[in-house]
Student: 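For reference, the structure I am asking about is given below.
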Amino acid sequence: MQFSFDQKNNHHRLYLKYTAAFLIVALFVYGTYLITGHSFIWYIDGANQHLPLLKAYRQTLAQFICHPLHNTQWSWKLGLGAAKFPIFAYYDIGDIFAYLTLLFPVSKIVFAYHLIIILRLYCVGLAFCFFARHFKLLHTPAIITGALVYTFNAFLLYANCAQPFFATPFIIFPLILLAIERVLQGKSCWPLIGAFTWMLISNFYFAYMLGIGAFIYLGLRVLITYRLRLNYLVVLARLVGATITSLLLAGFILVPEFHAVLNSTRSGSPFANGMHGYPPYYYLALPSQLINGGNRDFYFWTALGFASIALFGITYVLRHIKRYPIIATSILISGGMLLLPCFAAFMNAFMSPSNRWTLMLCLPVALACAILTERLPHLSRATLKLFTLVTVGYTGIIFLDYLFENNEMLFIPMVFLYVTLLALWLLHRHSQNHSQHWLLAIVLINVLFNAVYFEAPYNGGYSKEMLPLGAFQNLEQNSYNGLAAGLTGKTGYRVSTLSQNYQLGADYTMYNNLTAPVNLLNSYYSIQNKYVGQFAQQMQNTQYEANYPLQQLDDRTALLDFLNVKYLFTQIGNPNAQKIPAGFVLDKTTQKVTSINNQPGNSQQTRRYKNTAAFPLLYWQKRALTPRQANKLSGTQRERALAAGVIVSNARDAANLAPVRLTNLTISIPYQLVSSHGVRITGKTKILQRQDANESYTIVLNPRVKGKQNKQLKKIQNYELHLEFTNVHYTPMNLRQQVRIEAQTENNDLTRGPLAKNAKMDYYRYLHYHVINGTPNHGFTLKVVGPYGTEKLYQPKRTILSFYKIVRAGTMNLGFIQHGLPQTLTLTPSKMGTYRFKLRVVAEPLGKQYFNQVKNVQRHALNNIRLNGDHVTGTITTPQTGILASSIPYSTGWQASDNGHPVKVLRVNTAFVGLRLPKGHHQIELSYRVPALKLGAFISLIGIIVTFTAASLTLFSRRKNG
């Protein structure tokens, strides 16, 4: 494995030919979207994160250029409100492609987004060509073959639109390895400083993975190649110096970003999701993943999907491991790492077992394909026979896998596997002068087929997940179907939608709201405030996810009121359309559109409800709960107590404040839990031993209660019905039990004719199903059907990766009910097995007492409130000592002053900014500064000084020696 840094040769023809090849494939990749009327905007991350944030960052850049001293560090449009810098740093600040948006007017950002996607992918192959020509690959077809394999694999066919910035590490990684090689050969370390700095500022997650990859390469290179010829002290000094200099230069991003990650909802997740090995289906599918370029089943993000030549390229370098020890060893190490989830979790920053690190495996695989093409004229018959044996063996493995899971996507890869093998034999036998070009042509056609099969809308193609052309622009111009017109969020209020209700077609769900004039309650970003996450979990929000901790809070009235949700948007005909929280009144609607067949269930109309009970953004309370008192409350009691007082973080903050009255926060409703088999489930802890897939459970409310409690329940009105699950545990059946019971049930089904019964086939069918679905797994859903819709408590499988969570409790809101109790509710577990949980059915009174408390909160709002970016000002007069509470997310970056004097910022109600105020008149000012940003900027300043000094000394030394 040799590198050459001789710059005498002119390689412009290489880049021109690569450009031509890229344009041909890109025409099929992106042309497929355009022909079918789709954009390049993925309906989840692209539409909710990457494009809106790119547009917002472009606006921030323009403002900074025009007014460098007047930029704000806080945004009220990032959910409840959040610091802009950590989110922009994760997505945009270190992305050099984001700055190209300055070349386009604001009206053309969507076009710029599409262009940048194509340009970024083009640069991936360009980086490979740059790397490969230093690798002493002499023939252009060989390099372009490797570039096609490197650029058009399943990982990038997916990520280039879904998460466009994931193409960036494909560009950076080859440059890092080249820069390391220069240092090992005694050349300048300046390219390494540049590559490391780009790596560190691009994204801390990429930096972590690429840094480990670079360290592994360095270790292998030194041990295998340079072990006896290095001047270790000099090389170590250069490597350490380059690393430290890069860390210093990137300090302005790394330090605040690291602080943000430590204080995010992602911190503290279980290592490898608690897994010790992968499910059987992962190992079954792993061999086929190698060449399955149309594959979308990225089990644990093992996204390979190379052109079929990859099998022969890998075989070739493994056969010649002495000639290509680094590439062969890298592939072998990677293959071993793919077998255990602990390696995936380690490479994923000690979190979920995600094999996204395989982006680095693409480089040695692509190099192996380039080497095979380069050596094509010199292949021996023994090598070709080995290729044939490997192909037959691989086919056998795929065939066995196909018998178990008949995946039609393998057809094209297997055809090209044999086409490539035949071409290798023919080109060897006939000694074609242009054999490398012929092999390149086959690889080009292979990636074309992979791309079209991946993108095209048939067979669940990827293009169906893209927004239609013009859809994003329509969303911007017509927020909430026009019902957001005239609304603003300048006074700090928020808006929301009903849970599971607000669908806009094309499977699009609005998780963020950067394009609308109002501030959405929900937000969906990789970095979320950990205190907001704790608030959601303490309120037992069943919708909690680390990346979007609130969602719609299950439409719980008290929580929506507390978080200052002033408007609610709904759509008729969709789930939960009638589940309107208390205090929300119909304010405005769009014109109702009925179906052609005049079926009411298919009618379309958007409705806007206005909330008269929304809390102010900041308000004064005289009563407080200590953490000890709050910890004794259930999720429903906690949310109900928010109107009565403030939950402080320590008892000292509650000193001399009146206590909160904790009586009558909820009313317990007696119930019976009865199986559909007629069995009553008794005991404080409910144990459901579900061995019938059709078994469900009925919750019978208020079953023949006598005396005072019966009279109280008969009078109940204006309440929200909640089901409080605690101490939830699920034990799945093992694979053998699950299959045996389901096959036996099928065989005992009397409705099937005697000729239809086939016990062996039933057993195989269920075995196949459960192996493919990873049985046994600990994921489950408890679904409850109530009067206004369906609610669920969801424990994801460990295979869900970043969205994995351990669910032990949850509070379901079944809706606001004015009079009476529903007679029954239906509870259905999703899977067979044993469920253990405690369940309370409670009514949360939301009548006169509650709304009087809300009015009292509204009367004590901060007056003359002004939100000016990261500054909040207002005045208030307090009759006694109390707490100025808020729904502004807490961060150590908040500073406060009262009448011009600094005061301590408290964390109240688990997650929000608060101030303790004495009696009197107060001029309040809150200001936000990104934590650790000054420290990071100071570190970067040191890095600039060090870099400038070192550069000056280097230049002086060269002139002196020149």
Student: If I take atom SG from residue Cys161 and atom CG from residue Leu156, how far apart are they, to the nearest 0.5 angstrom?
Tutor: 10.5 Å
Student: Just checking, is any N or O donor in the side chain of Asn348 or Ser354 under 3.5 Å from an acceptor N or O on the other one?
Tutor: no
Student: Nearest 0.5 Å, what's the CD1-CD1 distance between Ile93 and Ile201?
Tutor: 9.5 Å
Student: Locate the shortest heavy-atom distance separating Thr19 from Tyr122; write the atom from each residue and the value.
Tutor: OG1-OH, 2.7 Å
Student: Please round to the nearest 0.5 Å and tell me the distance separating atom CZ of Phe252 and atom CD1 of Ile944.
Tutor: 8.5 Å
Student: Check whether any side-chain heavy atom of Ser330 sits under 4.5 Å from a side-chain heavy atom of Tyr217, and report yes or no.
Tutor: no
Student: With distance as the sole test, does Tyr232 use its side chain to make a donor-acceptor pair with the main-chain N or O of Arg227 at under 3.5 Å?
Tutor: yes
Student: Please say whether more than 12 non-hydrogen atoms of neighbouring residues, nucleotides or ligands are located less than 6.0 Å from CZ in Phe948.
Tutor: no
Student: Distance check, rounded to the nearest 0.5 Å: Ile371 atom CD1 versus Ile314 atom CD1?
Tutor: 12.0 Å
Student: Assess the side chains of Glu181 and Tyr226: does a donor N or O sit below 3.5 Å from an acceptor N or O?
Tutor: yes
Student: Decide if the gap between the ring center of Trp357 and the ring center of Tyr208 is smaller than 6.0 angstrom.
Tutor: no
Student: For Tyr890, does its backbone N or O pair with a side-chain atom of Asn529 as donor and acceptor, under 3.5 Å?
Tutor: yes
Student: Please report the interatomic distance OH(Tyr544) to CD(Gln534), rounded to the nearest 0.5 Å.
Tutor: 8.5 Å
Student: Does a side-chain heavy-atom distance below 4.5 Å link Asn263 with Thr892?
Tutor: no
Student: Do Lys84 and Trp74 come close enough that some side-chain heavy atom pair is under 4.5 Å?
Tutor: no
Student: With a 4.5 Å heavy-atom cut-off, do Thr168 and Trp198 have their side chains touching?
Tutor: yes
Student: Does any non-hydrogen side-chain atom of Tyr158 lie less than 4.5 Å from one of Gln163?
Tutor: yes
Student: Would you say Val110 and Ile41 make side-chain contact, with heavy atoms under 4.5 Å?
Tutor: yes
Student: For side chain to side chain contact (heavy atoms under 4.5 Å, CB included), just list the numbers for Leu192 and Arg182, CA-CA rounded to whole Å, side-chain angles, deciding distance to a tenth of an Å, and then say yes or no.
Tutor: CA-CA 8 Å; Leu192 184 59; Arg182 291 180 64 93; over 6 Å; no
Student: Distance alone, cut at 3.5 Å: any donor-acceptor contact between the side chains of Tyr99 and Tyr57?
Tutor: yes
Student: Closer than 3.5 angstrom, by distance alone: can the side chain of Asp45 be matched with the main-chain N or O of Ala162 as a donor-acceptor pair?
Tutor: no
Student: Looking at Phe22 versus Phe152, is the centre-to-centre ring distance below 6.0 Å?
Tutor: yes
Student: Does a salt bridge link Asp870 with Arg929, judged by any charged N lying under 4.0 Å from a carboxylate O?
Tutor: yes
Student: Please answer whether the main-chain N or O of Pro86 pairs with a side-chain N or O of Tyr91 as donor and acceptor at a distance below 3.5 Å.
Tutor: no
Student: Parallel, tilted or perpendicular, judged at 30° and 60°: which one describes the rings of Tyr282 and Phe300?
Tutor: perpendicular
Student: Answer with yes or no whether the side chains of Asn48 and Tyr548 bring together a donor and an acceptor at under 3.5 Å.
Tutor: no
Student: Taking the side chain as everything from C-beta on, heavy atoms only, tell me whether Asn512 gets closer than 4.5 Å to Pro52.
Tutor: no
Student: Taking CZ in Phe938 as the centre, count heavy atoms belonging to other residues, nucleotides or ligands within less than 6.0 Å. Is the count above 12?
Tutor: no
Student: Taking salt bridge (charged side-chain N to carboxylate O under 4.0 Å, His left out) as the cut-off, I'd like each qualifying pair that reaches into residues 183-202, sequence neighbours left out, listed once.
Tutor: none
Student: Given Thr358 and Trp301, is the side chain to side chain contact (heavy atoms under 4.5 Å, CB included) satisfied, shown in steps?
Tutor: CA-CA 8 Å; Thr358 52; Trp301 251 102; 5.8 Å; no
Student: I would like to know whether Leu249 and Phe196 meet side chain to side chain contact (heavy atoms under 4.5 Å, CB included); could you show each step before the answer?
Tutor: CA-CA 10 Å; Leu249 289 171; Phe196 270 1; over 6 Å; no
Student: Looking at Ile117, Leu54, Ile171, which one forms a side-chain contact (heavy atoms from CB on, under 4.5 Å) with Phe97?
Tutor: Ile171
Student: Could you check if a side-chain atom of Phe128 sits within less than 4.5 angstrom of a side-chain atom of Leu363, using non-hydrogen atoms only?
Tutor: yes
Student: Looking at Phe803, I want to see if its CZ is surrounded by more than 12 non-hydrogen atoms of other residues, nucleotides or ligands under 6.0 Å.
Tutor: yes
Student: Apply the test side chain to side chain contact (heavy atoms under 4.5 Å, CB included) to residues Thr265 and Val532: give CA-CA distance (whole Å), side-chain angles for both, the deciding distance (0.1 Å), then the verdict.
Tutor: CA-CA 8 Å; Thr265 52; Val532 174; over 6 Å; no
Student: Determine the minimum heavy-atom distance between Met199 and Leu210, stating which atoms define it.
Tutor: SD-CB, 3.6 Å
Student: When you measure from the side chain of Trp76 to the backbone N and O of Gly869, does any donor-acceptor pair fall under 3.5 Å?
Tutor: yes
Student: Which heavy atom of Val447 sits nearest a heavy atom of Ala307, and at what distance?
Tutor: CG1-CB, 4.0 Å
Student: Is the distance between the ring centroids of Phe346 and Phe271 under 6.0 Å?
Tutor: no
Student: Do you know which two heavy atoms are closest between Pro931 and Pro256, and how far apart they sit?
Tutor: O-CB, 3.6 Å
Student: Could you check whether any side-chain N or O of Tyr113 sits under 3.5 Å from a backbone N or O of Lys55, counting only pairs where one atom can act as donor and the other as acceptor?
Tutor: no
Student: Give, for atom CD of Gln49 and atom CZ of Phe165, the distance between the pair rounded to the nearest 0.5 Å.
Tutor: 7.5 Å
Student: How close do Ala147 and Gly125 get, counting heavy atoms only, and between which atoms?
Tutor: CB-O, 4.1 Å
Student: Assert yes or no for the condition that the ring centre distance of Phe40 to Tyr30 is strictly below 6.0 Å.
Tutor: yes
Student: Would you please indicate yes or no on a ring centroid separation below 6.0 angstrom for Phe173 and Phe131?
Tutor: no
Student: Backbone N or O of Tyr299 within a donor-acceptor pair of the Asp297 side chain at under 3.5 Å?
Tutor: no
Student: Backbone N or O of Phe206 within a donor-acceptor pair of the Asn203 side chain at under 3.5 Å?
Tutor: yes
Student: Where the side chain of Asn153 meets the backbone of Phe155, is there a donor-acceptor pair that is under 3.5 Å apart?
Tutor: yes
Student: Specify the closest pair of heavy atoms between Ala56 and Leu514, including all atoms of both residues, with the distance to one decimal.
Tutor: CB-CD1, 4.5 Å
Student: Any donor-acceptor pair under 3.5 Å linking the side chain of Gln289 with the backbone of Leu304?
Tutor: no
Student: Run the ring pair (Phe, Tyr, Trp, His ring centres under 6.0 Å) check on Tyr150 and Phe170 step by step: do they pass?
Tutor: CA-CA 8 Å; Tyr150 189 65; Phe170 281 84; 5.6 Å; yes
